[in-house]
Amino acid sequence: LDWILNSLSSMQEPINVPGSGTGTGTLIFGDLVQIKKQLISVISLCKERGLVHSVKWASELAFSLDPLPKNELPPPTFFTEEDAQDLDALGLAKSYFDLKEYDRAAYFLRGCCSQKAYFLYMYSRYLSGEKKKDDETVDSLGPLEKGQVRNEALRELRVELSKKHSAGELDGFALYLYGVVLRKLDLLKEAVDVFVEATHALPLHWGAWLELCNLVTNIEMLKSLSLPDCWIRDFFVAHMYTELQMIKEALQKYQSLIEAGFSKSTYIMSQIAVAYHNIRDIDQALALFNELREQDPFRVENMDTFSNLLYVRSMKPELSYLAHNLVEIDKYRVETCCVIGNYYSLRSQHEKAALYFQRALKLNPRCLGAWTLMGHEYMEMKNTSAAIQAYRHAIEVNKRDYRAWYGLGQTYEILKMPFYCLYYYRKAHQLRPNDSRMLVALGESYEKLSQHVEAKKCYWRAYSVGDVERMALLKLAKLHEQLNESDDAAQCYIIYIQDIFSCGEQLEHAEVSTALRYLGQYYFKNKLYDEASLCAQRCCDYNDAREEGKALLRQISQVRDQTESSTTDLFGPLSSNNTPIRRVSPLDLSSFTP
Amino acid sequence: MASVHESLYFNPMMTNGVVHANVFGIKDWVTPYKISVLALLYEMTTSKPIALQERRRLNKLILPLQQGPDLTLDQFLKTVEECCPQTAYAVKLRLHEMADGELKDMEYFFATLPTPFSAIDSEAYKTSVVGLFMRHMLLAYNKLSFSQVYKLYKALQQYYHSHYAQPGDVQVGLPTLAADDSDMDLTSTEDNVGERMEKEELDTAPLHESELSRGPLSQKQAEYFLARQAYLLKNDENKALKPSALQDELNNMLKFNPDFAEAHYLSYLNSMRVQDIFISTHSLLHYFDRLILSGSEGKSNGDEGYGRSLRYAALNLAALHCRFGHYQQADLALQEAIRIAQESNDHVCLQHCLSWLYTLEQMKGSDSSVLTEDSVKMAAHFCLPYLVSLGIQSLVQQGAVQGKTAHELMDALKDTDILHWKHSLSELIDISLAQTTSIWRMYGKSTMAQQQAQLLLNMNSLEQVNFGVQQNNTEAFAVALCHLAELHAEQGLYGAVSEVLKHLKEQFPPHTQHAKLWMLCDLKIQFDRAMNDGKYHLAEPHVTAIAALNKTEGLYRKAQVLKALNRTTEAYSILQRLQLYCEKTKYTEMIIRVMLVTAELHWESSGFATALPLLLQALALARQHHLQALASETILHLAFTQLMLGVPEQALGVLHEAMEPILAHGAVMDKGRALLLAARCQMAMAGTRSNGQRHAALGLAVQSLGEAAAYFSMLDCKERLRDVHYLQARLHHTLGQTPQRNKCAMLFRLLDQELQAPGKPLV
């Protein structure tokens, strides 16, 4: 049952979604000691109120800073008259609260008047409602009623909190709770205002920032917020940049945070690693994750991202080690399940992989990545209908998931429906306009539909935005070749070859030989024998084109002999048409426009 | 313990990667409203005899109550009370017993329900509608866990007391929860608004149409809702929910159950209504993504597997693009569908593809009769009557345009009619009748056209759902009504025309898909009227509007206006362009009309000799295509030309040929024109005769003029009336009939003062 408990405890705090980021504030990290003091005091405040996730975040950050000398430690918080009055009730209630007996906790707090007690009172009621809602979901009368189950406590809480709010009686924590209630009631605009207010009242409470970050949807909105001028704001802004996929800005922010003295923070490290993962800088990301695991070997968060990287690099032993390690730590975590799924997928045991992704989804149905990954597994298993289903679910969770749209497109492509899949590829392309993979896929579909003009446009665009797989040009060249546009085809092959050699990586050679073979023939036809023989010689470097290269060389020398002999002829028939109409030298690229 | 917990907690419910929409396999569940219905059924089956009238009314209520969305107790009791107050009281009493008693009272109620298995004689027998419902409810009730039963009881109490909170106040049905705390407006308003709307809807509309619901629907209710709305969209769009309301409802449904794929399809249909390509494509693809899944369940191979839905998915996509006029896209999608269907040997699907293929070709404007013929043959071979007769109808349409003989077309239509009645294809019967109307009108047989239109309009619908209702709002009806309006306009019955148009406007509101038909028809009639009255400034703005709806027609009308305004050169160039275009698209009717207008242009420049060959060509074309109305009009033109060329005997001879059909079928305007022309010919001939004969001939002419005047005054066509009066006065003068002459002269003077404009040519 431990994973259930886990899911319950994660529910305790309403917000544990990473990500946010904004504005350009100058860093104010004059005094790391001061920051540390602030952190220590906020940790104790949050602890008293049962806000475990904020405690965790603040503690991690505090741990990364140097320890304070004894005389610098902040004094224990002083008691007001009210606090003293409520002390016993609060202690009792907190113990019930920790045992998840929320109603009981709320009952004993109902008469208390201190701010702390009030927050715990309201928070217990909120959590009690959430818990009941979850229980209800299991017990609802039917599937259609499921969406109908809601936290009945929310309305009452909102009424009480809004009264206090307009009277100005809410402290930072209570404001945060008020915001959460508003968000749960889908009153997003009001919620944003309240969260901003909460950050002003208590800047150090990370939970409020995190909630805010979920509600900010674009950069304009972020700029319009008036946020407190505090060092924690930079963390928020960096987080926000990561969420909004403004990776470059995010990396800059994190870099300056590191320079300001947070170099040991595992939180920052993981964020940077995720950012690198998002821009597909695999080596950097891998290095950071490895370092992270050294410092924090029992960490489970973000390990699914790590496993994705290992998967892409096909690093089987490392992935295997990671999977086994995580299972030992906690096998009922979403991240663990995803890692194991990736592990099985890499070993081509797709049934098992799908099983683990399913398990991840059972742990958290809104886990987007798992839906898409499961779709991929079903694709591998040729279970197209299940794959379509999985991708559709992913899209339902997040309409902007380009991988799911792309996956759907691939599925239909496999089902030989090139026109049908166009729609999906187009969707994916809309979401990632500069991703060559979608463009190549679009181009292939158009090519299958004999829409050559569109196909050419797609391939060329794919090349222009930076082709990852270096296939676009080759495909473009082949398309030109098919359409007998030999000049254009030759141009493409030339750029392709240049591209391949300039990037230096060892890719599939078979295709280079194709290009060389075609170029050789092309030059030969246009009577540019020097270039042709060069290409033919290069052909001989490749096994599959060696014979043809040799044959071409023979042909060239034959023709050369003939022309030499024919020049002695007074009326040499070849002399007049020795100039090709449009000659293309290997270095002349300027004229190329597809 | 752990395993039980797990099995319930696991969400989504998956086996083999398939998420089941229905967690517990229950299509229906017990709600307080359902308990009320059960109570009603219980009362009806057990209690003392109810009066026959009331029982009948109650019986009619059962199905809507079972299938409709949950009503509040107020609404429910009100509906029952309208049928039988006594039963309503009994039901209320029973509910009161339960709600004000204890949990055991509810349990007792379920225990005492007549078990459908034992009650063989009663209406609640296991296979009856009522019995089935009761069995569902009992099953659902028995499956409830302890806490669920308690929850249900609580809900019942609330349901009952919310009614009791404001017993008199029917207008504001606020639930108690919201009513007792006025501070919570923001969150509770939504619910109230929904409910109030529902109320209003219910007060105005009959019970089964108040389909705007608030809470979640059970699967049964949702299915019923979707089926009904889809049917209405197809057959009677006005009765369906408004597009936005329907979309809201669907979104609501999908929020509660995203796996309910059919809702996506309805959303597709709904967004087609408002021509929203974005949402319609999205919904269509989403629907098939879902369908592919459910199709693969169990029967994964052969015809019934998901391969089948793949084919139809592509086909539907083609249809979608076709409707939006994206012919190239449609073509690609169609080819895809055909290829997949061929690969899996699905002949039925292939037939559907073929029928779309020829439709597409036709829409693109190319000749597709060979394809259509093939389609008909193949469809007949595979016993697909719908496709067969659809193909034949399409062939008939093409044949009519290409000038096939009438008896061939009518024979073909008769054959399809036999097919329709045999298979009760009521939709196609409507289309067939509308098509006959159009064909008769094209041939210029107004009486036959009118008769067919009336036949269609007076026919009772054969659809099961709308049984007995006379008119649906399908395209066929719109076409027939438009023809009717135009026919009436031809006879100068403008009062009737405006009534028909008003009806059309009601039946097909401007945003619906067939509205363009009557818009064009309305504009044409107004344009013709303005032209006849000589109010060219009124006609001009109509040209723009017509051009927006139909480009060819717009150009033609523009030429007419330009001609009337004496801007001859412009008119001529437009006509030339139009003629070329129409010859390319084989639009014969328009070609003839263009020729006639061109001939009229020649008249203006006194080029009567040049007009002759044009008119003869037009006549030949009209005869070849059996277009009688146009042929008669051409003859009128021909006669006038001849008159002007100074051969009135010839002109009169030609005119006599056309006189009969014009008087029988023609428009009032044509009748008047023909008679006026006849009179002029007679006058011209009289000039050459001797005195005695001359008097008789002039007398004949006077008579013709009198008739023509009667026709023109019917249309209130003042210009022509003035000319007639002038001629009459001259004739009377020649004949020495002074009083008549003076009267006509006065009439002429009056009209002339009114018009204050130089006269126009007489035909």
Side-chain angles (χ1 to χ4, degrees), chain A residues 1 4 7 134-148 152 154-156 158-160 162-163 185-187 190 354 358 361-362 365 374-375 377-378 381 383-393 395-396 408 411-412 415-420 422-424 427 449-451, chain B residues 2 5-6 8-12 14 16-19 21-24 26 28-31 140 144-145 147-148 151-152 181 183-184 186-188 215-219 222 253 255-260 281 285-286 289-290 292-293 295-296 306 310 313-314 317 329 332-333 335-336 339-340 343:
Chain A
L1 262 186
I4 294 172
S7 71
D134 279 12
D135 292 350
E136 201 81 334
T137 313
V138 181
D139 216 14
S140 67
L141 292 172
L144 287 166
E145 207 195 24
K146 237 177 204 169
Q148 194 71 346
E152 295 299 338
L154 286 177
R155 287 180 171 195
E156 289 170 37
R158 175 172 175 249
V159 174
E160 287 176 34
S162 75
K163 269 184 200 154
L185 288 169
D186 278 335
L187 300 166
E190 292 86 339
Q358 275 182 27
L361 287 170
K362 281 167 187 165
M374 197 162 78
E377 294 314 314
Y378 281 122
M381 284 148 66
N383 186 352
T384 41
S385 58
I388 289 171
Q389 180 75 349
Y391 288 134
R392 266 291 170 195
H393 272 285
I395 290 167
E396 230 146 68
L408 272 176
T411 318
Y412 282 108
L415 291 168
K416 291 191 205 146
M417 297 170 78
F419 181 77
Y420 208 77
L422 271 183
Y423 176 82
Y424 298 102
K427 273 268 179 206
L449 292 169
S450 308
Q451 308 266 300
Chain B
H5 212 121
E6 251 172 33
L8 285 175
Y9 220 101
F10 275 0
N11 178 32
M14 276 188 296
N16 190 24
V18 172
V19 181
N22 204 333
V23 188
F24 304 107
I26 304 172
D28 225 340
W29 63 82
V30 195
T31 63
L144 293 183
S145 68
S147 64
Q148 283 169 331
K151 212 179 128 199
L152 177 67
D181 197 333
D183 280 28
M184 313 190 309
L186 244 176
T187 42
S188 55
L217 300 167
S218 77
Q219 192 157 340
M253 198 182 283
K255 200 174 88 194
F256 292 132
N257 187 356
D259 300 319
F260 207 51
T281 321
L285 295 184
H286 201 154
D289 283 349
R290 295 286 183 185
I292 283 163
L293 182 90
S296 69
Y306 74 90
L310 278 183
L317 194 61
Q329 313 261 356
L332 289 172
Q335 276 170 19
E336 196 156 291
R339 195 173 35 74
I340 310 175
E343 274 168 18

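Order of the sequence lines sets the chain letters (A, B, ...), proteins ahead of strands, with each chain counted from 1. This structure is a prediction, so every number in the text was calculated from the model and none was measured.
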### Message
Return the CG to NZ distance between B:L310 and A:K416, rounded to the nearest 0.5 Å.
### Response
12.0 Å
### Task
For the residue pair A:P418 and B:R339, establish whether any side-chain heavy-atom pair is separated by less than 4.5 Å.
yes
### Query
So, do B:H286 and A:I395 sit near enough that their side-chain heavy atoms are less than 4.5 Å apart?
no
### Message
Heavy-atom cut-off 4.5 Å, strictly under: side chain, backbone, both or neither for B:Q329 against chain A?
### Response
both
### Message
Please determine whether side-chain contact (heavy atoms from CB on, under 4.5 Å) holds for the pair B:I340 and A:Y420, giving the CA-CA distance in whole Å, both sets of side-chain angles, and the decisive distance to 0.1 Å.
### Response
CA-CA 12 Å; B:I340 310 175; A:Y420 208 77; over 6 Å; no
### Query
Between A:Y391 and chain B, which part of the residue has a heavy atom less than 4.5 Å away: side chain, backbone, both or neither?
neither
### Task
To the nearest 0.5 angstrom, please state how far the CG atom of B:L285 sits from the CZ atom of A:R392.
7.0 Å
### Summary
Okay, A:Q451 and chain B: the region with an atom under 4.5 Å from a heavy atom over there is side chain
#### Entry: Stepwise side-chain contact (heavy atoms from CB on, under 4.5 Å) check, A:L449 with B:E336
CA-CA 9 Å; A:L449 292 169; B:E336 196 156 291; 4.2 Å; yes
